[in-house]
Structures are given as structure tokens and as C-alpha cells.
K.L.:
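Please see the structure below; I have some questions.
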Amino acid sequence: MKYLNVAEKNNAAKNIAIHLSQGTQIWREGLLQYNKIYEFEAEVLGQKSQMVMTSLSGHLLTLDFYGAYKNWQSCNPLELFDAEVFKSCIIKYEEIKKTLEREVRGCQGLIIWTDCDREGENIGFQIIEVCSAVKNDLKIFRAKFSAITEFSVKIALQNLEQPNKNISDAVDVRQELDFRIGAAFTRFQTLRLRKVFPKTIGKSVVSYGSCQFPTLGFVVERYRAVENFVAEPFWKLTVNHTMNGLSVDFNWERVRLFDQKACRVLHDTCKESPLATVTDVTTKPKSKRRPLPLTTVEFEKLASRKLNINAKKAMDFAEKLYMDGLTSYPRTETNEFPEEMNLEQLVGLHTDDPNWGAFAQNILDNGGPTPRQGNKSDGAHPPIYPTKYIDGQLLKLPERRLYELIVRSFLACCSKDAQGQETTATINIANEVFSGNGLMITARNYLDVYPYDDWSSTEIHVYQSGQTFNPSCIDLVDGSTSPPNLLTEADLIELMEEHGIGTDATHANHIEKIKERSYVKLDDGITFVPDLLGMGLVEGYERIGLNLSKPHLRAQFEADLKAISEGRKQPQVVMAEQVAKYKEVYLKVTAEANKIDGALAERFSEKPNTDPNKDNVMCECRLTCKKLTVSKESQNKGRPFYACPKDIKKRCKFFQWADGETSTSSGWSTNGRGRKRAYSSSDEWTYGE
DNA sequence: GCAAGGTC
């Protein structure tokens, strides 16, 4: 038997091949330089077999509309909810597809080794689709692994399963809906707003996406919370005891009062008999926990918060570090190291470094690495860790700082929690209670290598229970409640993760996208505020009574997808329900689009063009009485034509333009990528009015 | 020229 084995990416294919062949694999080039082919022997289903292993680079196929639906001017976006869609190979991956087709011909079996998550299952079915098309009697298997380690992939090969169609179906529904909704709303928003605000919108695209809008929504919500915040004045008592050059502050047990008079009365009472009596002194151990093994989300948050490198840039550099072999795969949700990983060796790589070498040596000399184990695993990738040591001086600046962050995080999580002793002294002044704290750090441990956490000692006098002293001062301090902070990028990523908007691999992209679209902007280089367009859009949809920027729509959809994965719901049913829902939303939006114009007009300085459709020409089909509105502008650019969705696959002799003229072309059009697509129309169109 | 999800 000869099996074709296909992984989701080259790196996975290579490592799986190494593990299964004990390093005896030989490699050759595939048709695309990034995706190599590895060959070795292995035992499959109790039989010695020839193995050919190659990979994709993520999804192989993508969705598209046919002919007229592809063109922004030649169809009503409403039709995109029902227009037929097709999957085709992503143009840059055609060589990968050809490699699969060529390699599978010589094989009798196919083993899918894509990542063991939802998207991976779907990618698996794309591989099956391509391979089955050239070889129809293939024996097909799915390898399920919990990590790409020798142990895990060998177990997977001994326990081959069948691919799970339900999971893949859920992804198909997700893709198709995101695509239809995204295309319909994006075209509508863009085409309309370009006409209503030609100066402000210009040629830019006003996109709608099921992740873009909730992300924008988080920024708007926080901005409003800050804007609408009403500060409330408060008053509080503070006590200070300075002696021998050491100043100790005591905090009031009541924290603060919102009644100035009451606070003044208590202050006066304390000032009248200011002698403080120490009522209690406790000292107890306190520790600060070392970080968990590093995930993508934590990496992005640290880079953004501590190094001021934004998530998109951080991921681009992480990708480069990974490609250079310095760090492990950067997209991971896993925060625990697999048992079989040799952490001692990985720590040992760093013992010669001038900055953290001694720390690494210290870990090895004191019982070895003992990382905390988290509770998340994506089943394919370990946490992010340095795979190789390099002198930081050899790297350019942002890369060096990110490599250092990965190394320091790794060494910190392999180290021990910081330990300290916290002393709390409680005092009583005229029956008011205050407490002061002191912290003595007894073992800094991980903090010595991890500058991203603060924990510092604070001194306190040595007090004894029953002792009395005269405070240096007892003050009445006024203040006012403060608004929440605007969102930083790290906060935004946290919210996205919490509400299930996007994935670890896409958070940074969505944030970048809404910046690019001018929906949000960085206020002071650090915090996000809505930009005029983003704010106006959210307000416009709200005036229509829609909450498209709230995360619950996406959350509901995710719940449906889960039901499909588990076989509890039919994909066609969910698809139909969601399409119907969004179609209704779309109709409402187009009917009340003037409310969006109005909201934006209040934000923009440009006066809106109040009748953006006055130049439109109505087309009507004589046979079906279907109506189509076309702008004069597009009419001049090229004649609108109608593609009949049902007959699309039939190659027809001629088609008819919306102005009634027929063309004798073969009935094939080319798409933007120069590829031929069939479209047809037996309907006749004519201009009305 | 549109989405979101993978990935180089």
C-alpha cells in the first residue's frame, strides 16, 4: 500500500514525517517551493506501507460568485443572499493542488493530517475533494493527534479515524454566510455612501464583516462609557506615620464617603483624639505567580502593552522568527507543555547569554524546569517557546525585543513563583479603623528574568499589637470617581477573545482592518477611539433599530455552528435561517438608509447628497418582471447584464445585455483573475421609464 | 473593490 499524507502546513508535514520515520525520511520539492514532499516507510493498519507526505498552506479553496454577481454594478446586492456560489482553488495555491493531484495518482490511500480543529476538518475535506476527483477508489482516513510529538502522531497513525463531515459542514456554512453577508452589505454601504458623501468617502471601501463590526462596537461602547461618565465627588481620611525617615500610609476601612459633612465630622473626631492604637499585626506569606506558557493572545497583549509593538506587527515578526527557526509556531492556543517535551534542553540553550544565561543555569541547578500547566490546548501546537539560541545583537530591534520577550516568558514560566511576606498593621483612631501594608520580597525567582511584571517591596514600621503612637498627619482628602480607561489594543484583544470574535490567528487582522477602514483610530498612539465613519455607522444602524455592532449576533451564530458540528442541526436549515434573518436586516437597512446618511451627516462636515439614486435607471425583465436598478454612471461604464442563477452551468450560445442587445460571445466571461467563467441568461432585459 | 479563516 502507498498512502498520500497531507498536513495543513509544511512545518507540520515535516515534523510528522520526522516523528513517524525516526528521522529516516527523504525529501524532494513539490511544485510550490514552500510545500515539500517527504517520503518514508511506516506501518499502517498492521501493514508496512509507503508514505508520501505533503502539505497545504491553510485553506486551498475559496468561495466566489458567478459572472454578473461578481460585478458590483451589475446586480442588486440583495441577490447575493441567494445567488449561486462556487468553490475554486486560490490562485496562488494552484501548484499545491497540482502537487496533490500528481502525488495521489500513485497512491491507494489518503491520510488527512490537518490541525485537529474546526477549520482543519474543513481543510481536510478540501483535500478529499481534490484527491477524489482524480482517484475515485481512495481509502480515506483521518489522523487525530493532540500535539505534533512523536508519541502523539504515532498513536494517531495506529488509531486512524474517519473525517467528520458535520464539523466540516459547520465551517462551510460559516464561510458562505460570512461571504454573502459581507459582500451584500459591503457593496451596499460602499456604493451608497460614495454617492451620498462623495468628498468624504471618495473611492474608499466601507466594508461590513461579522467580526469587523463587533470589534468596532467594543471601541464605541467604551468611548461612550467614558464620554457619558459623570464624576462623583468623594471624601476620605488618610493617616500617615513618618518616623526615622520612613513614611507609612494607612488606608481607611470605609474607603471613601460621598457625604462631605459626614466625612468632616469623622475627621474632626479623629483630630480631637489622634492617638493611634495598633489593634492587630499580621504577617503572612504572599506569592506572585509566574506566567503560564505563552499563547498567541498573551504574546500579542504583552508585545502591545509592554513593548508598544502592535499585535499585527508582533505577529508579522513572530512569523519571521518562526521561519528563521528561532521560535516555535506562533499561532497557538495551548498554554501547557506536552509531557514529552525536553524542557531542560531548551532551557540549557540559553546558559551562555550575558543577560539571562545565569538565570537559565540557575533553573537547571535548582531542580530543573517546572512550568505551570494551563488548561487550554488547541491540539496541534505547543505554547510559543524559543527553539534556538541566538545572540540578540544579531537581530534588528523590534525582532530582538520580541525574541527576548519569548525567551524571558519561557524562562519565567519554567522558574518559580516570587515569594514574599506581607505585613498588615491595623490601627484605631477614635473608633475609626485604618490599615497599613508592608511587603518584603523574600525570593524574586521568576521576576529576575521577567521585567514585564511589577512587584516591589514596601516597608512598614515594626508595630506591636497594643502599641500606641501619634500619627504624623490625619488628612481629609477630596477626590472624584474617574471614568473607565479607553481601550488599548490589548484590552480590545481581550474583549474579542472573551466574546468569541475572531480567532487567535485573526484578532490582529480585524483590528488592523477597522483602522484601515477609518472606523477607529489611535487616539494618542495607545488607546482606541471611534473615527467619524465608524461612529456614524454605528449610530445610523442604531437609528434603524439594529444592533449589528453588538457581539451577540455572532455568538448566536457560533452556537448554531456548534449544533451543526455535533449533528444536532442540519447545515441547510441553519443556512436558510441565517440568510432569511440577514436578508430581512438588509431590506430594513436599504429601506431606511436615509437614517444612516443622517447619522453620518451629523459627523461629517460634508452636506449629504440627499437623493443619491436620482440618476438611477430602472431595468425590468420582460419575461420575469424582475427589476434591477442601475446607475447611469455604471450604464455608461459598461452595460449591466443579468445572469440567470439556475442555468449558470449550461454553456449557452449568446447572452443578452440589460439594454436588450445580444452578444454572440460564447457565453463565457473572464473573472478578475483572468479565468473563464460561464454565465448565461435566457431572460430579456429592457430599460423602464 | 466585498468576509473570515487558514497560511509563506
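Quick note on labels: first sequence line is chain A, next is B, and so on, each numbered from 1.
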K.L.:
Would you kindly give the NE2-to-C1' distance between A/H507 and B/dG6, to the nearest whole Å?
P.N.:
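Computing the A/H507:NE2 to B/dG6:C1' distance gives 15 Å.
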
K.L.:
Do A/K515 and A/D531 sit within salt-bridge range, that is, some charged N less than 4.0 Å from a carboxylate O?
P.N.:
no

K.L.:
Side chain of A/R517: nearest nucleotide among B/dC2, B/dA4, B/dT7?
P.N.:
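Of all the options, the side chain of A/R517 is nearest to B/dC2.
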
K.L.:
Identify whether any heavy atom of A/R331 sits under 4.0 Å from a base atom; if not, whether one sits that close to sugar-phosphate; answer base, sugar-phosphate or nothing.
P.N.:
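The answer is base, as A/R331 lies within the cut-off (heavy atoms under 4.0 Å) of a base atom.
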
K.L.:
Which whole-number value in Å describes the distance from A/E319 CD to B/dT7 C1'?
P.N.:
7 Å

K.L.:
Between B/dC8, B/dG5, B/dC2, spot the one nearest the side chain of A/C211, thanks.
P.N.:
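Nearest to the side-chain atoms of A/C211, counting from C-beta on, is B/dG5.
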
K.L.:
Checking all strands, does A/S57 fall into the base, sugar-phosphate, or nothing category for heavy-atom contacts under 4.0 angstrom?
P.N.:
base

K.L.:
Please classify the nucleic acid contact of A/F188 as base, sugar-phosphate, or nothing, using heavy-atom distances under 4.0 Å.
P.N.:
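No contact.
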
K.L.:
Indicate, with a heavy-atom threshold strictly under 4.0 Å, whether A/L32 touches base, sugar-phosphate, or nothing.
P.N.:
base

K.L.:
Taking only the side-chain heavy atoms of A/T506 (C-beta and beyond), determine which of B/dC8, B/dC2, B/dG5 contains the nearest atom.
P.N.:
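Of the candidates, B/dG5 comes closest.
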
K.L.:
Quick one: on DNA chain B, does A/L56 or A/G209 contact a more 5' nucleotide (nearest heavy atom)?
P.N.:
A/G209

K.L.:
Quick one: label A/D115 by what it contacts on the DNA or RNA (base, sugar-phosphate, nothing), any heavy atom closer than 4.0 Å.
P.N.:
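Result for A/D115 = sugar-phosphate.
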
K.L.:
Measuring from the side chain of A/Q212 (C-beta onward, heavy atoms only), which nucleotide among B/dC2, B/dA3, B/dC8 has the closest atom?
P.N.:
B/dA3

K.L.:
Just checking A/G502: base, sugar-phosphate only, or nothing, at a heavy-atom cut-off of under 4.0 Å?
P.N.:
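The answer is sugar-phosphate, as A/G502 gets under 4.0 Å only of primed atoms, P, OP1 or OP2.
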
K.L.:
To the nearest Å, how far apart are A/I511 CD1 and B/dA4 P?
P.N.:
13 Å

K.L.:
Quick test of your reading of the model: are A/D324 and A/K388 salt-bridged, counting only N-O distances below 4.0 Å?
P.N.:
no

K.L.:
With a 4.0 Å cut-off on heavy atoms, is A/Y93 in touch with a base, just the backbone sugar-phosphate, or nothing at all?
P.N.:
base

K.L.:
Answer yes if the ring centres of A/Y586 and A/F188 are under 6.0 angstrom apart, and no otherwise.
P.N.:
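Ring centres of A/F188 and A/Y586 closer than 6.0 Å.
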
K.L.:
Nearest to the A/H59 side chain among B/dG5, B/dC8, B/dA4, which nucleotide is it?
P.N.:
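The answer is B/dG5.
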
K.L.:
In whole Å, what is the span from the CD1 atom of A/I181 to the C1' atom of B/dC2?
P.N.:
13 Å

K.L.:
Atom CD of A/Q175 to atom C1' of B/dT7: distance rounded to whole Å?
P.N.:
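From A/Q175 CD to B/dT7 C1': 14 Å.
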
K.L.:
Roughly, in whole Å, what's the span from CG in A/D378 to C1' in B/dG5?
P.N.:
15 Å

K.L.:
Kindly indicate, with the supporting measurements, whether the criterion side chain to side chain donor-acceptor pair (under 3.5 Å) is fulfilled by A/S55 and A/N35.
P.N.:
CA-CA 6 Å; A/S55 58; A/N35 302 83; 3.0 Å; yes

K.L.:
Can you see whether A/F317 has A/K396 sitting over its ring - NZ or CZ less than 6.0 Å from the centre and within 45° of the normal?
P.N.:
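No; the conditions do not both hold, so A/K396 does not lie above the ring face of A/F317.
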
K.L.:
Using a 4.0 Å heavy-atom cut-off across all strands, classify A/F213 as base, sugar-phosphate, or nothing.
P.N.:
nothing

K.L.:
Name the closest nucleotide to the A/K9 side chain, picking from B/dG1, B/dC2, B/dC8.
P.N.:
B/dC8

K.L.:
What is the separation between atom CG on A/D178 and atom C1' on B/dG6, rounded to the nearest whole Å?
P.N.:
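To the nearest whole Å, that distance equals 13 Å.
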
K.L.:
Which of the following nucleotides, B/dC8, B/dA4, B/dG1, is nearest to the side chain of A/H510?
P.N.:
B/dA4

K.L.:
What's the closest nucleotide to the side chain of A/A505 if the choices are B/dG6, B/dC8, B/dC2?
P.N.:
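The listed nucleotide nearest to A/A505's side chain is B/dG6.
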
K.L.:
Check whether any side-chain nitrogen or oxygen of A/Y329 sits under 4.0 Å from OP1 or OP2 of B/dT7, and answer yes or no.
P.N.:
yes

K.L.:
To the nearest Å, how far apart are A/F65 CZ and B/dC2 C1'?
P.N.:
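In whole Å, B/dC2 C1' lies 9 Å from A/F65 CZ.
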
K.L.:
Any salt bridge between A/R174 and A/E558, counting N to O under 4.0 Å?
P.N.:
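No, this pair does not count.
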
K.L.:
Between A/E176 and A/T503, which is nearer to the 5' end of DNA chain B once each is assigned its nearest nucleotide?
P.N.:
A/E176

K.L.:
Stacking between A/W72 and B/dG1, defined as ring centres under 5.5 angstrom apart with planes under 30°, is that present or not?
P.N.:
yes

K.L.:
Is A/R118 touching bases, backbone alone, or none of the nucleic acid, heavy atoms closer than 4.0 Å?
P.N.:
nothing

K.L.:
Between the side-chain atoms of A/S207 and the base atoms of B/dC2, is any donor-acceptor pair under 3.5 Å?
P.N.:
no

K.L.:
What's the closest nucleotide to the A/F179 side chain, out of B/dC8, B/dA4, B/dC2?
P.N.:
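That would be B/dC2.
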
K.L.:
Check step by step if side chain to side chain donor-acceptor pair (under 3.5 Å) holds for A/S207 and A/Q212.
P.N.:
CA-CA 8 Å; A/S207 63; A/Q212 292 177 31; 2.6 Å; yes

